[in-house]
Amino acid sequence: MAEENKIERIKCLIIGSGPAGYTAAIYAARADLKPIMYTGMEPGGQLTTTTEVDNFPGYPEGIDGPTMMVQLQQQAERFGTQVRIGMVTEVQFSKEVGGVHKACIDNKTWVEAESVVISTGATAKYLGLPSEQKLRGGGVSACAVCDGFFYKGQDVAIVGGGDTAAEEATYLANICNKVTMLVRKDEMRASKAMQHRVTSTKNIDLRYNTVVDEVLGEQVVDGLRMINNETGEKEDIAITGLFIAIGHKPNTDIFKGQLDMDDTGYLITQGKSTKTNIPGVFASGDVQDKEYRQAVTAAGTGCMAALDAERYLATIESEEEVTA
Ligand code: NDP
């Protein structure tokens, strides 16, 4: 356990720096909660791994993800948010209304916060095969939009049958020579519209009932051994890139045992609010939303979390005044 020293006391701690965290910061700063944000391992969150964002209202020409995140940060800082590079590695939440919550930064420094907004997002899942792990960064990627460009004109494969896989397969098909798409069942989970996009794209070779047996290559990917899970038949294909698009895991490990979560680890919030089971701790963005997962919905819940935090602190302050 990290040492407790140099304890700084703040009104509002924001954990995570995606659209949810920054929107919470803008609202909290404007409400004079003097928020301090710790960015986490991936400052800017998942949108920094995206190119064009065309569906965030207010950008008629679209905007690229990293620029949008820089602008959100500038907007949050304009109202006084302190954005700090750092990872919250441990938390100790108080169960009392008005209690002080503690968070450890980078296993070193503790901060105390009267309210906490959690916006730690979600992380891409991998298959877990040793050959896949060995070649991560050597041709195995979980983000077609980030890395697809490197495979221009080449043959690649993608794993997954959801909307993400369908979207990324069609994205890759625009750049690459051929895309082999592996779907483990005899149907795709993706929406009908997305399925149609896949099946009507000529250079996508869609394989149902097919999974990865082994990723081939020593330093870099040079092939894929696929296995048909109905017939047991194996087939090798030559590829230079393998994209994994099998869903995300919410970043909630540090909250286990303290915050209520569903069976897949997403934080549970109460009713239409962002309240968790701990007074003064609020959750926003993908960490509590496995359904919509959009930048704009994350931003919306970030706003809600800051308003919930502001109301919570105001209630406590007025109770303290009454008892004083
Ligand atoms: P999903 O959980 O929807 O889909 C995951 C896919 O990966 C499923 O086909 C699943 O197969 C497959 N899978 C899971 N584990 C493995 C494994 N070990 N080996 C092989 N295949 C595996 O995740 P998505 O990221 O696609 O989507 C998440 C949410 O985001 C959804 O609600 C989706 O609708 C939404 N979204 C919407 C978009 C849009 O509207 N434009 C774009 C992207 C996402 P199986 O079906 O067999 O379980």
Side-chain angles (χ1 to χ4, degrees), residues 18-20 45-47 49-57 62 65 121-133 135-136 140-148 156-174 179-201 204-215 224-230 234-235 237 239 242-252 262-267 285-301:
Q46 290 181 76
L47 276 192
T49 60
T50 313
T51 50
E52 205 67 6
V53 180
D54 275 334
N55 53 9
F56 200 95
T123 302
K125 285 187 197 166
Y126 283 84
L127 300 169
L129 296 170
S131 57
E132 171 208 49
Q133 295 305 310
L135 290 163
R136 268 177 74 173
V140 174
S141 163
C143 180
V145 183
C146 327
D147 299 329
V156 299
I158 185 163
V159 184
D163 281 322
T164 303
E167 199 169 71
E168 296 199 340
T170 48
Y171 176 85
L172 289 168
N174 269 327
V179 181
T180 304
M181 183 169 178
L182 284 65
V183 178
R184 67 178 173 183
K185 289 190 184 141
D186 60 0
E187 59 180 6
M188 288 172 71
R189 191 191 291 205
S191 64
K192 288 280 176 265
M194 292 303 294
Q195 291 190 36
H196 179 69
R197 274 177 70 183
V198 168
T199 51
S200 56
T201 304
I204 297 178
D205 178 11
L206 183 55
R207 306 290 191 100
Y208 287 111
N209 296 117
T210 304
V211 294
V212 176
D213 189 47
E214 194 182 341
V215 190
L224 186 68
R225 181 159 300 142
M226 308 184 290
I227 182 163
N228 183 305
N229 56 21
E230 283 205 312
K234 292 186 182 180
E235 183 186 341
I237 55 168
I239 56 161
L242 175 66
F243 293 88
I244 311 295
I246 59 170
H248 289 76
K249 177 185 178 297
N251 298 319
T252 53
D262 71 9
D263 51 9
T264 49
Y266 283 86
L267 297 184
D286 286 8
V287 75
Q288 53 84 56
D289 171 23
K290 60 177 164 190
E291 202 173 328
Y292 301 104
R293 302 176 8 130
Q294 299 301 302
V296 66
T297 50
T301 55

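Keep in mind that the numbers below use all heavy atoms, side chains included, and drop hydrogens, waters and symmetry copies. One-based numbering, in listed order, for ligands and for the atoms of each.
For the pair G160 and M181, the tightest heavy-atom approach, listed with the atom from each and the gap, is O-CE, 3.4 Å.
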Starting from the C-alpha separation in whole Å, work towards a yes-or-no answer on side-chain contact (heavy atoms from CB on, under 4.5 Å) for E132 and V212.
CA-CA 9 Å; E132 171 208 49; V212 176; over 6 Å; no

Close N/O pairs between ligand 1 and protein, under 3.5 Å:
unit_1, atom_1, unit_2, atom_2, d
ligand 1, 2 (O), R189, NH1, 3.3
ligand 1, 9 (O), G161, N, 2.9
ligand 1, 9 (O), G162, N, 3.3
ligand 1, 11 (O), R184, NE, 3.2
ligand 1, 25 (O), T164, OG1, 2.6
ligand 1, 26 (O), D163, N, 3.2
ligand 1, 26 (O), T164, N, 3.0
ligand 1, 26 (O), T164, OG1, 3.2
ligand 1, 30 (O), R293, NE, 3.2
ligand 1, 34 (O), D163, OD2, 2.5
ligand 1, 41 (N), E167, OE2, 2.9
ligand 1, 46 (O), R189, NE, 3.1
ligand 1, 46 (O), R189, NH2, 3.4
ligand 1, 47 (O), R184, NE, 2.9
ligand 1, 47 (O), K185, NZ, 3.1
ligand 1, 48 (O), R184, NH2, 2.9
ligand 1, 48 (O), R189, NH2, 2.4

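Residues forming a side chain to side chain contact (heavy atoms under 4.5 Å, CB included) with T180 (at least two apart in sequence, or on another chain): A157, K178, L182, D205, R207, M226, I237. Taking N229 as the reference, R184, N209, V211 meet the side chain to side chain contact (heavy atoms under 4.5 Å, CB included) condition, with sequence neighbours excluded. Partners of D213 according to the salt bridge (Lys or Arg N to Asp or Glu O under 4.0 Å) rule, which considers only residues two or more places apart in sequence or in another chain, are K234.
Partner M194 forms a side-chain contact (heavy atoms from CB on, under 4.5 Å) with one of D163, T164, T199 and no other, that one being D163.
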